[in-house]
Amino acid sequence: MQTLVAGGTGFVGTALVCELTARGHDVTVLARTPEDADLPSSVKRVACDLLEADTEDVREAVAGHDSVVNLVALSPLFTPSGGDEMHERLHLGGTEKLVAAAAAEGVTRFVQMSALGADPDGPTHYIRAKGRAEAVVRDSALEWTIVRPSVVFGDGGEFVHFTKLLTTPYVTGLPGGGKTRFQPIWVGDLAPMLADCVADPEHVGQTYELGGPEVLTLADVAAAIYTAAGKSLRIVPVPMPMAKLGLTLGGLIPGFPMGADQYRSLRFDNTVGGGDPEANEVRAFGVDPADLRTFESYLASDGGDAGTDNRTSGSRGGRDTDDGPQNSSDADDRVRADGGWTRGVRSLFVGRETLGLFTFLSLAWGLPAVVDIYSAPVFRLLFIPSYLVSMVVYDGFVGLENVTYAVQNAVPGEWAYAWDAGLVVTFYLFAVAAVLVGRLVRNRFGGRRLVESTASRP
Amino acid sequence: MSLRYTLVGGMLLLGLLLAAQALLSTPMVTVEECTATGVAEATTPSSTPDCVRYTERAWGQQLYLFVLGLGIAGLGVGLVVVDRRLVRR
């Protein structure tokens with residue numbers, strides 16, 4: 001069977017492509033940068049940006065295939081670069097293009113990966129876009145199947161990353177005490193079910209809600225992750241109104257990875273039939289929910305550092321392949337937001353730009369007291385930035401020197417250089433603030449970002 | 001890129017803080033004006049200075065700092081505009 005997997009270089013896509021290839025399908029992946037993906041050599045690759053491509057481009061990619069699987073997605077866990085409107089543009093717009101192209105090219109089977117709770121009138125941009133995309137698929141003349149999984153975990157996935165980003169070991173605050181419930185399903189269990197949807201006619205016209213073997217709260221998930229890493233965890237409930245305020249305000253900051261949508265999604269459970277095991281439709285694929293892999297067993301084996309260990313554990317049949325690094329085109333926004341945010345905060349305090357600016361301000365201020373470097377008038381200009389920072393931030397408008405005086409008064413002893421030490425600290429804080437402002441401006445208005453954001457779209 | 005936007009960040013931060021300081025602070029200047037009355041009737045002429053000191057708001061300094069702050073911030077904005085144009089070409 002000739003199968004096109006749109007988003008086939010992503011987290012779920014990679015596992016599905018391996019599964020389909022193992023079943024003898026001739027697989028083509030459609031992604032923005034398919035050449036970077038580590039996929040079986042027999043897989044054909046088509047570079048296509050569903051946001052930018054017109055229907056003709058997509059038709060060209062779809063032509064000659066019997067079935068199409070649409071896995072192209074943005075994460076609901078993080079605000080996508082380009083804003084929440086990207087959900088509508090990609091999930092709905094991308095699906096419309098694929099469905100139109102599939103119908104025009106005579107494709108028979110169309111498998112749409114949606115999400116639990118997909119609803120055109122749902123509470124978040126993601127859920128609404130997924131709901132509208134489902135409607136497009138249902139209204140088509142194709143032989144369609146819609147799969148709505150709960151959160152998916154596995155190597156290269158984002159669920160563990162997201163939880164780690166949201167929490168800290170030992171003591172952590174969680175919105176509402178982390179009572180939001182999930183039914184995580186392992187990617188190695190989901191991929192064979194998606195492959196079944198492609199091949200078996202019995203799944204045509206069905207919408208399946210799929211979950212894992214257990215219902216876990218966010219607090220359970222966080223505790224399991226840190227327990228697997230040998231660390232304890234104590235949850236401190238964060239009142240939901242406070243979480244709402246924090247995420248809503250955070251969402252207004254350019255580059256902040258979460259926003260109001262993430263708060264809204266935390267208010268609703270992500271379970272099949274309210275967690276009723278009988279409602280779990282994995283049985284349609286001949287699978288007993290009890291046979292599915294648990295989150296805990298995944299963490300105990302190799303998932304403690306999920307995302308750094310790139311082994312894919314294969315299908316239900318026990319295949320254990322080494323697929324190498326996974327290029328998550330359907331997850332790259334969130335992975336970038338996740339790792340990028342942590343690294344960004346760290347580099348803000350110890351990055352080259354911060355330390356460089358701090359060194360410049362300190363030397364320009366302090367060196368003239370030791371070395372006569374400013375005898376030439378041109379060098380005197382170098383003193384101006386330090387002087388202005390000192391004037392405005394330290395002994396002027398912001399008045400940080402008052403902190404120095406307070407410390408001086410509180411701690412007994414001789415403080416000959418307290419004022420100067422306070423000024424040096426001020427230079428450092430100013431450097432941190434300047435780099436932060438620079439990054440915000442670059443992300444919001446910078447010319448280079450136009451190129452980066454284009455490249456980051458699925 | 002990073003250096004450019006570090007400079008932009010520094011200029012915007014410093015410039016806007018300086019402008020805010022100029023707006024929110026009230027620098028004062030003390031002026032002393034003197035007039036003298038001369039008496040030439042005696043053998044030795046003498047004069048009695050009559051000086052008045054008064055303090056008033058230093059509008060000039062405030063304006064200078066405000067314009068300086070906006071100028072520095074404007075340089076930062078200019079750098080962003082140049083960056084965008086260069087990238088678009």
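Every chain is numbered from 1 and lettered A, B, ... according to where its sequence line falls, protein lines coming before strand lines.
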Margin query: Could you measure the distance from the CG atom of L14(B) to the CD1 atom of I384(A)? Nearest 0.5 Å is fine.
Written below: 11.0 Å
Check: Without hydrogens or angle criteria, can the side chains of E33(B) and Y54(B) be said to hold a donor-acceptor pair below 3.5 Å?
Finding: yes
Next item on the list: Could you tell me which residues in residues 62-77 of chain B have at least one non-hydrogen atom under 4.5 Å from a non-hydrogen atom of chain A, sorted by residue number?
Entry: L65(B), L68(B), I72(B)
[X] (side chain) donor-acceptor with [Y] (main chain) under 3.5 angstrom:
X	Y	value
N409(A)	Y405(A)	yes
T359(A)	L355(A)	yes
Y428(A)	F349(A)	yes
K97(A)	D54(A)	no

Next item on the list: Pick whichever of L17(B), L24(B), L12(B), V8(B) has the most heavy-atom pairs under 4.5 Å with chain A.
Entry: L17(B)
Next item on the list: Heavy-atom pairs under 4.5 Å with chain B are the metric here; pick the option from T354(A), V393(A), L436(A), L388(A) that has the most.
Entry: L388(A)
Notebook entry, point to check: Given a strict heavy-atom distance threshold of 4.5 Å, which part of L357(A) is in contact with chain B: side chain, backbone, both, or neither?
Noted result: side chain
Next item on the list: Mind telling me whether Y394(A) and W419(A) have parallel, tilted or perpendicular rings, with 30° and 60° as the class edges?
Entry: perpendicular
